[in-house]
*Asks:* 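Handing you this structure, nothing more for now.
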Amino acid sequence: MTVARHGANRSSRIAGFHRKPPQERLDLVASFAGLDAATAAHLADMGNLPPQLADKMIENVIATMNVPIGIATNMKVDGEDVLIPMATEESSVVAAVCNAARQTYDAGFTTSVSGTLMIAQVQAVEVPDPYAARLRLLEKRDEIKAICDACDPLLVKLGGGFRDVEVRILDTLGGPMVITHLIVDTRDAMGANAVNTMAEKIAPHIATWSGGRVFLRILSNLADRRLARAHAVWRLEDIGGESVRDGIISAYQFAEADPYRAATHNKGIMNGISAVILATGNDTRAVEAGAHAFAARSGRYTSLTRYEITKDGHLSGSIELPLAVGLIGGATKIHPTAQACLKILGVTTAERLARIIAAVGLAQNFSALKALATVGIQSGHMALHAQNIAIMAGAVGDEVEAVAKVLVERATVRIDIAQEVLDIIRR
Ligand code: MEV
């Protein structure tokens, strides 16, 4: 491989780039950007994603981006212990889930889903009589069902397929639009391919039946027929008493009232959720778009979680959001790391995966709010980091907190110090 000086070839018009193998593309890029040999060699190492596979997943591949996968421990979801792989570049995210889960381990998280229904939208414009067209389209329900189900007989065989049709009339800058929603049960698939195919297939019929022109035919990421929910109770004695509980509730109330705070609050939730979505090869952007759109569904962007006080004075937390995830199709099925992560999770249905992910989002949020409402996020980060280091040094049970406390007090979060402290504690 030749590595040229930066600027040797500075044209981004590279004929046939997409047809070249990854290494040849990398050589061209190295020449364009003046990469040194060590950097180019670093990029050429694709780790545990075979280059031939990477090359099939997206276009113009030259390298892969490694992100660490951490395991969230202590999680019990619907009575079942589960180890959760999380792929993230951000420290404290995994520790936050472990800590929140540890503080409610006995009861764990209770979860549910509203279903596995996805929505595809078909946009019709210039419809002469939108209200009558709406009724004409609704009357075609059986024909629409037949056309949609014929697109994916396997999905139908697996118990999925077309469920319903909705027609909305939107008042837009370009006049009224007739928007048809296909409601489709996509079962263990995220469903984008299935519903997009159906939307494209039905579109010419909608043009005929509505008398208008059809443009867009695409799923909606506001998957509000595919909500996942999780709930947990943190007992006062496990979280540090009433003042911690009240601080968390007040933090939630702040996010509930203020979009500036809600954006950060929900970002923290997505720290946990997106990490599991990524580890399992699912579509992080689809879930993020759905979550934020759902958070704004009332017309005012607000918190995805809620906190209340139980009749016994404990802290009750809950979360509800769209979680369009799948176990089949796309990277989920072909990425070997995603497959391994799904094995670790032990999930056999997309529904179970969504439920676990909702619990992770709630756990993440609990830890962030607890830190913010008490010691602050900086020392919170340090404390979480110190606990990780204590665990890495071999601390177990109560030793973890004890070692971490000394590390934080000394403001030196190092594994060698953690080992020394652990020796002293054990002696
Ligand atoms: C940082 O990535 C996430 C937090 O800002 C979340 C929050 O403020 O709730 C700590």
Side-chain angles (χ1 to χ4, degrees), residues 65 67-72 74-75 84-104 109 228 230-232 234 239-240 243-279 284-285 287-296 300-308 315-321 323 357-389 404 408 413:
M65 174 76 188
V67 173
I69 293 177
I71 293 288
N74 307 327
M75 287 291 288
I84 303 179
M86 301 177 66
T88 178
E89 86 302 340
E90 184 168 335
S91 70
S92 300
V93 166
V94 177
V97 176
C98 299
N99 285 339
R102 181 174 43 74
Q103 290 168 67
T104 185
F109 295 81
H231 169 243
W234 282 271
I239 62 172
S243 124
V244 175
R245 176 199 67 193
D246 295 345
I248 292 172
I249 289 180
S250 181
Y252 149 65
Q253 290 167 343
F254 179 11
E256 200 282 327
D258 178 22
Y260 285 92
R261 172 58 205 151
T264 322
H265 178 101
N266 291 342
K267 187 274 183 184
I269 293 170
M270 300 315 287
N271 277 346
I273 289 182
S274 294
V276 189
I277 300 283
L278 184 59
T284 50
R285 290 82 53 217
V287 171
E288 280 157 13
H292 294 295
F294 188 71
R300 181 170 61 84
Y301 186 83
T302 187
S303 167
L304 286 166
T305 51
R306 288 176 193 278
Y307 291 89
E308 302 156 293
L315 178 72
S316 163
S318 52
I319 187 169
E320 182 178 46
L321 78 167
L323 269 173
I357 294 173
V360 168
L362 178 60
Q364 183 69 47
N365 184 238
F366 165 87
S367 279
L369 297 193
K370 187 178 175 206
L372 287 164
T374 55
V375 287
I377 204 66
Q378 286 314 99
S379 70
H381 267 262
M382 178 122 108
L384 292 172
H385 183 50
Q387 286 191 17
N388 271 350
I389 296 293
V408 171
V413 184

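FYI, side chains are in, hydrogens and waters are out, and symmetry mates aren't considered; it's all heavy atoms of this structure. By convention here, the first residue in the shown sequence is residue 1. We count ligands from 1, going down the list as the structure has it; atoms in each ligand are counted the same way.
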*Asks:* Please verify the inter-ring angle class for Trp234 with Phe366; under 30° counts as parallel, over 60° as perpendicular, anything in between as tilted.
*Replies:*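 Ring orientation, 0 to 90° scale: parallel.
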*Asks:* Looking only at protein heavy atoms, which one is nearest to atom 6 (C) of ligand 1, and what is the separation?
*Replies:*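 Result for atom 6 (C) of ligand 1: Thr264 O, 3.5 Å.
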*Asks:* Assess whether salt bridge (charged side-chain N to carboxylate O under 4.0 Å, His left out) is satisfied between Lys267 and Glu288, documenting all intermediate values.
*Replies:* CA-CA 9 Å; Lys267 187 274 183 184; Glu288 280 157 13; over 6 Å; no
*Asks:* What residue and heavy atom of the protein are closest to atom 8 (O) of ligand 1, and at what distance?
*Replies:*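 That would be Arg261 NH1, 2.9 Å.
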*Asks:* Is Asn365 close to ligand 1, meaning an N/O of one under 3.5 Å from an N/O of the other?
*Replies:* no
*Asks:* Can an N or O of His265 be found at a distance shorter than 3.5 Å from an N or O of ligand 1?
*Replies:*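 In fact, backbone or side chain, His265 has no N or O that close.
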*Asks:* Quick check on side chain to side chain contact (heavy atoms under 4.5 Å, CB included): which of Ile248, Ile249, Val244 does Leu369 satisfy it with?
*Replies:*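 Testing Leu369 for a side chain to side chain contact (heavy atoms under 4.5 Å, CB included) against Ile248, Ile249, Val244 leaves exactly one candidate, Ile248.
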*Asks:* In terms of residue, atom name and distance, what is the protein heavy atom nearest to atom 3 (C) of ligand 1?
*Replies:*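 Looking at atom 3 (C) of ligand 1, the protein heavy atom closest to it is Asn271 ND2, 3.5 Å.
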*Asks:* Please give me the minimum heavy-atom distance between Ala275 and Thr88, naming the atom from each residue.
*Replies:*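 What the structure gives for the nearest pair is CB-CB, 4.0 Å.
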*Asks:* For ligand 1, is any non-hydrogen atom under 4.0 Å from Leu372's backbone (N, CA, C, O), its side chain (CB onward), both, or neither?
*Replies:*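 Only the side chain of Leu372 comes within reach of ligand 1.
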*Asks:* Kindly say whether Leu304 contributes a backbone atom to a donor-acceptor pair with the side chain of Asn266 at under 3.5 angstrom?
*Replies:*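 Flag set: sc Asn266 to bb Leu304 pair under 3.5 Å.
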*Asks:* Looking only at the side chains, is there a donor atom on one of Asn365 and Tyr252 sitting less than 3.5 Å from an acceptor on the other?
*Replies:*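 Per modelled atom types, Asn365 and Tyr252 side chains form no pair under 3.5 Å.
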*Asks:* Applying side chain to side chain contact (heavy atoms under 4.5 Å, CB included) to Gln364 and Ile269, what does each step give before you reach the verdict?
*Replies:* CA-CA 6 Å; Gln364 183 69 47; Ile269 293 170; 5.7 Å; no
*Asks:* Which residue and atom name correspond to the protein heavy atom nearest atom 10 (C) of ligand 1, and how close is it?
*Replies:*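 The closest one turns out to be Ile377 CD1, 3.7 Å.
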*Asks:* In ligand 1, which numbered atoms sit nearer than 4.0 Å to a non-hydrogen atom of Lys267?
*Replies:* 1 (C), 2 (O)
*Asks:* Considering the heavy atoms of Ala368, write down every atom of ligand 1 situated less than 4.0 Å from one of them.
*Replies:* 9 (O)
*Asks:* Can you report which non-hydrogen protein atom sits closest to atom 2 (O) of ligand 1, along with the distance?
*Replies:*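 The closest one turns out to be Glu90 OE2, 2.5 Å.
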